A.B. asks: 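Below: one structure in C-alpha cells.
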Amino acid sequence: MDIQKSVHQAVEKIYGQTIDPSLVQLQKTKKEFTGHLTLVVFPLLKISKKNPEQTALEIGDYLKANEPAIADFNVIKGFLNLCISSSYWVNVLTDIHKTAGFGTQKAENNSPLVMIEYSSPNTNKPLHLGHVRNNLLGFSLAEIMKANGYNVVKTNIVNDRGIHICKSMLAWKKWGNGATPESTGKKGDHLIGDFYVLFDKEYKKELQELQDKGLSKEDAENQSSLMSEAREMLRQWEAGNQETVALWEKMNSWVYAGFDETYKALGVDFDKVYYESQTYLEGKEKVLEGLEKGVFYKKEDGSVWADLTADGLDNKLLLRADGTSVYMTQDIGTAKLRFDDYPINKMVYVVGNEQNYHFQVLSLLLDKLGFEFGKGLVHFSYGMVELPEGKMKSREGTVVDADDLVAEMVDTARETSNELGKLDGCSEGEAQKVSQIVGLGALKYFILKVDPRKNMVFNPKESIDFNGNTGPFIQYTYARIQSVLRKAAEQGIVLPEVPASALQLNEKEENLIQMMAEFPAIVKEAADTFSPAVIANYIYELVKEYNQFYHDYSILREENKDTKEFRLILSENVGKIIKTGFGLLGIDVPDRM
RNA sequence: GCCUCUGUAGUUCAAUGGAUAGAACGGAAGUUUCCUAAACUUUAGAUUCGGGUUCGAUUCCCGGCGGAGGUACCA
C-alpha cells in the first residue's frame, strides 16, 4: 500500500536518516480504537531518541500536514492511530470496482512453472476422507498459485502396481465369479476395494488356521499359500505375463472409471496423470546411473543404498538385493519423466505429514542426481483427518468413504433447504443443483478453513451445520447480495461508476472497503504460506463485516440516491470478492439458495 | 531410544513479536410491519507447566509434561 511508503518517507524526513523499511510496522487498527491503520512506534525510538508518545505525535503531525490521505490521528501509548480520509477509500473502491479479476494476476508464457502433485491414490480401494482433504488442498493450492501469476500443471501419480492390486486380482479370480461393475451395479473402485477386503479376510483366516496347527505367527505368514499366490502374480505381472496383465488392465480400468466419478463430484481435475507402472523402471535406471557416478553405493548382497549421514540423515535403500524398486525409486523415476515433459521451476507434492521423512530424503536424492528443482521441492505436508471417535481404521470399518460423504452432504443440504422452504418454486433440476453446491460448499469449506499442517477433527454433523463459520453461511450471503442487485435492477437502477468522491462515508462503510482492499495481499499470503485457510478465514471475516453493515443499513430503501447507489456498489464488490475467493478454494456460489 | 510436527474457552478453529488473545458451535437472554431469519444483538468462558531473550512473548530459544507421526527392503 502506498501509505506504507509515505509513512516510511515521513520518518526518514523527520529524523534525517535512512531506515530499514521493516522498522515501519503498519497494521490494521484494532476495533476498540479509532483509526484505520496503526503505526507501532517502538522500533523507531532508537532513531527518534524520544519517548514513544512524543515520537508518535511528531510523525502524526507531519503526516497530517503532508499526506492528503491521512485525515487525522491519535496517539495511545506507543501506538499512532491514523485515520484515512473518506475520499481515499472512495478511490480504493473505484479501483476495486474497475479491476477485472481483482486480487488475481494472469500468468505470462515466461512466468515460472509450478507442478503440483496431489491425490495420488492406490488402485486397490476407493477414496476416503483423507484423500478428500488431499484433493481439496491440492486443487485449491493450484488455483491460488494460478491467481498469483504462476503457470500451473496439476498432476496425479497413480499407484497402479504392486502387491496390493495383486491381492484384489487374486481374490476376484478365486471368488469373484466374473463380477463386473455392470453385473453388480457397484462403482468400479468400490468393487475392487471389496475384493481387497475379501483377500484380507481370507488371509487372516488362513493365518489363524496355520497358527492353530501350532505355527508361530511369523512361520504362518511365510507359509501362507494365499500370500505366495499373490506374490507369484506380481512376478508374473513384472514378467509381462499376458493373462495377468490383461486382468490387471481390466480391473484398473474399472477403478479409474470410479475415481473419475469421485473427482468429478469433488470438482477437481488434473492436467497430466502419471502411472507408477510406467515410471518405476525409469527410477531404477536413474539409480543405477547414480551408482556409476558414485553418488550411491552397493552392498555385498547387491542392494543399492544412498549414504545421507553427511546431511544428518541415515542410509536409505534404493534397490533391493533382487533388483526390484522401492517407493523412493519410483518417485525418482516419476521426477525424471516429469522433468522430461515440463520445464518445472518448482515442484509441490501434496502428501500427508506421515511422509515428511520420505520427502526430506527425496529432496536430497534428486539434488544429488542433478535435478534443479530437487533442493527447492516443496512437500506440502498436511495433517491427518480424525473423527470425533478417534482415528479412522479400515480394519474397524470406521473409514469415511469419499462417495458416501459427498452424497450425505448433498442429501442433508437438500433436507435442510426443504425444511426452510428455500426450494419452494424450484424445479427439480434447480433444487438438485443448489443442494449440490451447498452440500459440497459445506464440506470443502469445513476442511479448507483449517491450517493444513494441523491434524483436524472432522465432525460430519458440525460440517453440515449451516450457521457460523461455514461455507453455506458465506454462500447464503452471496445469494442475498445477488438478490439485492436483482431487486435494484427491477427498480431501474444501473451501476456504472462509483459515485462522487465527495461522499462522506460512515465507519462501517470504511471498514468494509478497507477489508476489501486487503484481498490481493491475502491471496499472495495464501500462496506464500501454501494455505487456503488464509483465504477461507478472510472471506468469513469479510462476510461478517458485510452482514453487520447489511443489518444496520437499509440498502434499497435509502432516500438519498447517491448513498443508495454507493451501497449497492459496495454490495456488488463484496459479492465479487466472495466469488473470486471461493473460486480459489474450489467452491461454487449460487445466485439463489 | 532417536527424529519431526503439535498443545489456545466445554468443543472446533483464528491471532506478520504489539494495545484488553479473536470467532463459531454449544450454554444463558433477546430481536421479525424490514431488500433471503441458513440472519442479527447481549452475555459467561481459554494461551499445558517452568525458565530465558525483549520496551513488549500464544508467537522466538532451552527444559519438563501431554498428543500425533516417522524410524532403512510397505507404498
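Since we're looking at a predicted model, the values are computed, not measured.
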A.B. asks: If we count only N and O atoms by modelled type, under 3.5 Å, do the side chains of Asn134(A) and Ser119(A) hold a donor and an acceptor together?
C.D. replies: no
A.B. asks: Given that both distances must come in under 3.5 Å, which nucleotide forms a Watson-Crick or G-U wobble pair with U4(B)?
C.D. replies: A68(B)
A.B. asks: Atom CG of Leu387(A) to atom C1' of U11(B): distance rounded to whole Å?
C.D. replies: 16 Å
A.B. asks: Sugar-phosphate means primed atoms, P, OP1 and OP2; the rest is base. With that split, encode nucleotides 68-75 of chain B 5' to 3' as B, S or - using protein heavy atoms under 4.0 Å.
C.D. replies: SSS-BB-B
A.B. asks: Can you tell me the base-pairing partner of G17(B)? Count Watson-Crick or G-U wobble geometry only, both distances below 3.5 Å, and say none if there is no partner.
C.D. replies: none
A.B. asks: Look through every strand shown and name the nucleotide pairing with C60(B) as Watson-Crick or G-U wobble, where both distances are under 3.5 Å.
C.D. replies: G52(B)
A.B. asks: Heavy-atom nearest nucleotide on RNA chain B for Lys422(A) versus Leu26(A): which residue maps closer to 5'?
C.D. replies: Leu26(A)
A.B. asks: First locate atom CZ of Arg567(A), then atom CZ of Phe549(A), and finally report the distance between them rounded to the nearest 0.5 Å.
C.D. replies: 5.0 Å
A.B. asks: List the atom of Leu337(A), the atom of Gln278(A), and the distance in Å for their closest heavy-atom pair.
C.D. replies: CD1-O, 3.8 Å
A.B. asks: Asn81(A) or Lys454(A): which one's nearest nucleotide on RNA chain B is closer to the 5' end?
C.D. replies: Lys454(A)
A.B. asks: Which atoms form the tightest heavy-atom contact between Ala431(A) and Cys426(A), and what is the distance?
C.D. replies: N-CB, 4.1 Å
A.B. asks: What's Ser417(A) touching, base or sugar-phosphate or nothing? Going by heavy atoms closer than 4.0 Å.
C.D. replies: base
A.B. asks: Separation of Met456(A) atom CE from A14(B) atom C1', in whole Å?
C.D. replies: 14 Å
A.B. asks: Suppose you measure atom P in A72(B) against the same atom in A9(B); what distance do you get, rounded to whole Å?
C.D. replies: 36 Å
A.B. asks: Can you check the Gln25(A) CD to A19(B) P distance for me, whole Å?
C.D. replies: 12 Å
A.B. asks: Taking distance alone, no hydrogens or angles, what donor-acceptor pairs closer than 3.5 Å link side-chain atoms of residues 530-537 of chain A to residues at least two apart or in another chain?
C.D. replies:
from	atom 1	to	atom 2	distance (Å)
Ser531(A)	OG	Ala533(A)	N	3.4
Asn537(A)	ND2	Lys449(A)	O	3.3
Asn537(A)	ND2	Ala533(A)	O	3.0

A.B. asks: Go ahead and name the base partner of U33(B); Watson-Crick or wobble counts if both distances stay under 3.5 Å, otherwise write none.
C.D. replies: none
A.B. asks: Using atom CZ of Phe79(A) as one end and atom C1' of U20(B) as the other, report the distance to the nearest whole Å.
C.D. replies: 12 Å
A.B. asks: Could you please spell out the steps behind the side-chain contact (heavy atoms from CB on, under 4.5 Å) verdict for Asp331(A) and Tyr327(A)?
C.D. replies: CA-CA 7 Å; Asp331(A) 262 350; Tyr327(A) 180 35; 3.9 Å; yes
A.B. asks: Is the NZ or CZ atom of Arg161(A) both under 6.0 Å from the centre of the six-membered ring of Tyr280(A) and within 45° of that ring's axis?
C.D. replies: yes
A.B. asks: Taking CD from Glu541(A) and C1' from A15(B), how many angstroms apart are they, rounded to a whole number?
C.D. replies: 10 Å
A.B. asks: Let's go through Lys125(A) and Asp189(A) carefully: what are the C-alpha distance in whole Å and the side-chain angles of both, what is the deciding distance for salt bridge (Lys or Arg N to Asp or Glu O under 4.0 Å) to 0.1 Å, and is it a yes or a no?
C.D. replies: CA-CA 6 Å; Lys125(A) 49 191 167 197; Asp189(A) 50 339; over 6 Å; no
A.B. asks: Given the P atoms of G7(B) and C49(B), what is the spacing between them in whole Å?
C.D. replies: 14 Å
A.B. asks: Would you mind classifying the nucleic acid contact of Asp451(A) as base, sugar-phosphate or nothing, using non-hydrogen atoms under 4.0 angstrom?
C.D. replies: sugar-phosphate
A.B. asks: For nucleotides G52(B) and U58(B), find the distance between their P atoms and express it as a whole number of Å.
C.D. replies: 15 Å
A.B. asks: Please state how far atom CG in Leu23(A) lies from atom P in U54(B), giving the value in whole angstrom units.
C.D. replies: 18 Å
A.B. asks: Quote, to the nearest angstrom, the P distance that separates C40(B) from A23(B).
C.D. replies: 13 Å
A.B. asks: Let me confirm one number: the CZ-OG1 distance from Arg235(A) to Thr324(A), rounded to the nearest 0.5 Å.
C.D. replies: 10.5 Å
A.B. asks: Suppose you measure atom P in C62(B) against the same atom in C25(B); what distance do you get, rounded to whole Å?
C.D. replies: 39 Å
A.B. asks: Are a donor atom and an acceptor atom from the side chains of Tyr297(A) and Asn315(A) found within less than 3.5 Å of each other?
C.D. replies: yes
A.B. asks: Distance only, no hydrogens: is a donor on one side chain within 3.5 Å (strictly under) of an acceptor on the other, for Asn356(A) and Ser381(A)?
C.D. replies: yes
A.B. asks: Tell me the partner of A38(B), counting only Watson-Crick (N1-N3 plus N6-O4 or O6-N4) or G-U wobble (N1-O2 and O6-N3) with both under 3.5 Å; none if nothing fits.
C.D. replies: none
A.B. asks: Has Lys449(A) got a side-chain N or O lying under 4.0 Å from the OP1 or OP2 atom of A14(B)?
C.D. replies: no
A.B. asks: Would you check if the side chain of Ser48(A) reaches a backbone N or O of Lys50(A) as a donor-acceptor pair within less than 3.5 Å?
C.D. replies: yes
A.B. asks: What interatomic distance, in whole Å, is found between P of A46(B) and the corresponding atom of U8(B)?
C.D. replies: 14 Å
A.B. asks: Which part of the nucleic acid, if any, lies within contact of Pro590(A), taking any heavy atom under 4.0 Å across all strands shown: a base, the sugar-phosphate backbone alone, or nothing?
C.D. replies: nothing
A.B. asks: Just the rounded figure in Å: distance from C1' of U36(B) to CD of Gln475(A).
C.D. replies: 14 Å
A.B. asks: With a 3.5 angstrom cut-off on both distances, give the Watson-Crick or G-U wobble partner of G10(B), or none if there isn't one.
C.D. replies: C25(B)
A.B. asks: Listed in order of residue number, which residues of residues 430-439 of chain A have a non-hydrogen atom at under 4.0 Å from RNA chain B?
C.D. replies: none
A.B. asks: Taking only the C1' atom of each, what is the distance from A21(B) to C13(B) in whole angstrom?
C.D. replies: 14 Å
A.B. asks: Mind checking whether Tyr196(A) and His164(A) have ring centres under 6.0 Å apart?
C.D. replies: no
A.B. asks: With the side chain of Gln548(A) defined as its heavy atoms from C-beta on, choose the nearest nucleotide among A19(B), U41(B), C13(B).
C.D. replies: U41(B)
A.B. asks: Quick check, are the ring centers of Tyr349(A) and Phe380(A) under 6.0 angstrom apart?
C.D. replies: no
A.B. asks: If anything within 90° of 0 is syn and all else is anti, what is U32(B)?
C.D. replies: syn
A.B. asks: Does Phe473(A) stack onto the base of A38(B), taking stacking as ring centres under 5.5 Å apart and planes under 30° apart?
C.D. replies: no
A.B. asks: What's touching nucleotides 42-46 of chain B from the protein side, N or O pairs under 3.5 Å?
C.D. replies:
none

A.B. asks: Strictly under 4.0 angstrom, non-hydrogen atoms only: write out the protein contact profile of nucleotides 24-35 of chain B, one letter per nucleotide from the 5' end, B, S or -.
C.D. replies: SS--------SB
A.B. asks: Roughly, in whole Å, what's the span from CD1 in Ile539(A) to P in A14(B)?
C.D. replies: 17 Å
A.B. asks: Base, sugar-phosphate, or nothing: which does Asp331(A) touch, judged by heavy atoms less than 4.0 Å apart?
C.D. replies: nothing
A.B. asks: Can you name the side chain to side chain contact (heavy atoms under 4.5 Å, CB included) partners of Asp528(A), sequence neighbours left out?
C.D. replies: Lys524(A)
A.B. asks: Report yes or no: do His379(A) and Asn353(A) form a side-chain donor-acceptor pair below 3.5 Å?
C.D. replies: no
A.B. asks: Is A44(B) paired to anything, Watson-Crick or G-U wobble with both distances less than 3.5 Å, and if yes, which nucleotide?
C.D. replies: none
A.B. asks: Using the P atom on both, measure U4(B) against U41(B) and round to a whole Å.
C.D. replies: 46 Å
A.B. asks: Answer yes or no: side-chain N or O of Lys30(A) and base N or O of U20(B) forming a donor-acceptor pair under 3.5 Å.
C.D. replies: no
A.B. asks: Base, sugar-phosphate or nothing for Val457(A)? Non-hydrogen atoms, less than 4.0 Å.
C.D. replies: sugar-phosphate
A.B. asks: Measure from NZ or CZ of Lys299(A) to the centre of the six-membered ring of Trp305(A), then state whether that distance is under 6.0 Å and the direction lies within 45° of the axis.
C.D. replies: yes
A.B. asks: Looking at Tyr550(A), is Arg480(A) sitting on its ring face, NZ or CZ under 6.0 Å from the six-membered ring centre and within 45 degrees of the normal?
C.D. replies: yes
A.B. asks: Identify whether any heavy atom of Thr324(A) sits under 4.0 Å from a base atom; if not, whether one sits that close to sugar-phosphate; answer base, sugar-phosphate or nothing.
C.D. replies: nothing
